[in-house]
Amino acid sequence: MYGSGILRGMGVTIRHFVTTYLDDLKWGFRRHIPDEAFPIRQGIETRGVYTVEYPEEKLAMFERFRFVPFLVIENHDHPDPARQGKDWCTACGICAKVCPPQCIWIVRSSDPETGRPVTEPENFFIDIDVCMNCGLCAEFCPFDAIKMDHDYELASYDRTSAHIFDKARLSKEFRYWQAIAPTRAQEEADARGGWDHKDVIKQKEKEAKAKAKAEAESTE
Ligand code: SF4
Ligand code: SF4
């Protein structure tokens with residue numbers, strides 16, 4: 001029949017219109033409880049049309065979402081006091097080399113007595129206005145020390161210095177990475193051989209080998 005497609009289309013629209021209000025009534029005030037309502041109402045099970053009332057409400061972020069990078073530092077309550085808050089970055093400079101728009105600057109630390117370079121960044125800058133969120137820095141970092149963040153609320157009224165993020169602004173505890181990307185964090189830990197920094201794992205392996213060798217020699 002001529003016009004049946006139009007009627008069917010209008011039927012779909014009306015159905016969505018009605019189910020939107022029915023779903024609102026079903027959820028009542030619970031629709032504003034993020035942990036309860038959001039995963040369902042923003043997922044494939046949602047019914048009707050659901051408007052996210054940003055900034056009061058926010059879309060659930062999927063794990064591989066990537067925004068401006070952050071630097072991983074050791075948790076402040078790490079069991080080894082010497083590691084607490086320590087940078088995972090070794091200032092190797094690979095991320096700065098691979099960054100397509102060249103928006104990373106690294107200032108390497110140096111030993112105050114000898115003046116020789118130390119494998120730690122004294123400072124680390126990213127121009128977030130230039131960063132294109134490509135994720136190459138995170139892909140290439142051999143120490144899992146730079147990661148793509150989920151924090152996209154970076155707007156400010158200052159378009160100059162406030163958008164040059166320094167080490168203090170970029171650094172976030174390792175547990176933050178575990179919280180926003182649990183699957184990736186687990187995969188990386190499996191590849192490294194543990195939850196620790198690559199160098200710590202290597203050191204532990206070295207010590208275990210030395211201990212086993214010493215024990216073997218003492219029993220001979
Ligand atoms: S590649 Fe990783 S370890 Fe090297 S400077 Fe960049 S963040 Fe630091
Ligand atoms: S995400 Fe891409 S553009 Fe941004 S700092 Fe990393 S490599 Fe550079």
Side-chain angles (χ1 to χ4, degrees), residues 61-99 102-126 131 133-151 165-220:
M61 214 42 73
F62 47 96
E63 198 172 318
R64 286 186 183 257
F65 175 79
R66 54 172 200 255
F67 210 61
V68 168
F70 70 93
L71 291 173
V72 176
I73 58 166
E74 209 71 87
N75 292 334
H76 290 298
D77 58 357
H78 192 278
D80 177 359
R83 294 280 316 159
Q84 290 173 358
K86 203 166 166 53
D87 300 301
W88 274 42
C89 173
T90 61
C92 69
I94 290 175
C95 55
K97 281 199 184 80
V98 298
C99 174
Q102 294 287 287
C103 62
I104 300 178
W105 299 255
I106 302 164
V107 183
R108 206 172 209 203
S109 297
S110 54
D111 188 304
E113 284 172 18
T114 61
R116 299 182 75 175
V118 177
T119 54
E120 279 173 20
E122 187 181 314
N123 216 330
F124 196 112
F125 301 96
I126 296 180
C131 173
N133 314 320
C134 66
L136 283 181
C137 50
E139 291 297 324
F140 277 85
C141 175
F143 298 96
D144 295 330
I146 187 164
K147 296 288 162 206
M148 300 308 289
D149 208 344
H150 287 186
D151 181 12
F165 282 13
D166 64 3
K167 195 177 100 168
R169 178 70 177 75
L170 290 167
S171 297
K172 294 188 178 179
E173 283 183 288
F174 181 65
R175 61 161 57 87
Y176 175 75
W177 174 237
Q178 288 177 296
I180 65 167
T183 316
R184 291 289 303 274
Q186 181 69 62
E187 286 168 1
E188 289 166 3
D190 291 344
R192 280 197 307 275
W195 285 104
D196 284 311
H197 187 277
K198 211 177 194 176
D199 287 347
V200 175
I201 292 170
K202 266 192 203 161
Q203 185 61 31
K204 280 182 182 171
E205 285 171 355
K206 215 169 148 186
E207 284 167 10
K209 268 186 199 162
K211 196 177 164 199
K213 196 177 165 196
E215 280 171 3
E217 281 171 0
S218 68
T219 52
E220 278 172 10

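Remember, predicted model here, so these are calculated numbers, not experimental data.
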Would a distance-only check, ignoring hydrogens and angles, find a side-chain to backbone donor-acceptor pair under 3.5 Å from Glu173 to Ile73? no
About how many Å separate CZ of Arg169 and CG of Leu71, when rounded to the nearest 0.5 Å? 11.5 Å
Using atom types as modelled and distance alone, determine if a side-chain donor or acceptor of Asp87 lies under 3.5 Å from a backbone N or O of Cys89. no
Provide the closest heavy-atom pair for Ile180 versus His150 in the form atom of the first, atom of the second, distance. O-CE1, 3.3 Å
Would you call the rings of Trp88 and His197 parallel, tilted or perpendicular, where under 30° means parallel and over 60° means perpendicular? perpendicular
Between the side chain of Ser171 and the main-chain N/O of Ala168, is any donor-acceptor distance below 3.5 Å? no
Test Thr183 against every option in Arg64, Glu188, Glu63 by the side chain to side chain donor-acceptor pair (under 3.5 Å) rule and name the one that passes. Glu63
Which atom names give the shortest non-hydrogen contact between Cys137 and Ile104, and what distance separates them? CB-CD1, 4.0 Å
With under 30° as parallel and over 60° as perpendicular, where do the rings of Phe65 and Phe67 fit, or are they tilted in between? parallel
Would the distance check show the side chain of Asn75 and the main-chain N or O of Asp77 forming a donor-acceptor pair, the cut-off being under 3.5 Å? no
Test your reading of the model: is there a side-chain donor-acceptor pair from Lys147 to the backbone of Val72, 3.5 Å cut-off? no
Check: Asp196 side chain, Ile201 main-chain N or O, donor-acceptor pair, under 3.5 Å: no
With a 3.5 Å distance limit and no angle check, can you tell me whether Ser109 reaches the backbone of Glu120 through a side-chain donor-acceptor pair? yes
So, does Arg66 use its side chain to make a donor-acceptor pair with the main chain of Asn133 at under 3.5 Å? yes
Non-hydrogen atoms of Pro79 and Pro81 that approach each other most closely: O-CD, 3.2 Å
Backbone N/O of Phe70 and side chain of Asp149: donor-acceptor pair under 3.5 Å: no
Are the side chain of Gln84 and the backbone N or O of His78 linked by a donor-acceptor pair below 3.5 Å? yes
Pairing donors with acceptors under 3.5 angstrom, does anything connect the side chains of Gln203 and Asp199? no
Write down the atom of Arg192, the atom of Phe174, and the distance for their closest heavy-atom approach. NH2-CZ, 4.0 Å
Compute both the distance and the angle, then confirm whether Lys167 meets the cation-pi test with Phe124: under 6.0 Å from the six-membered ring centre, within 45 degrees of the axis. no
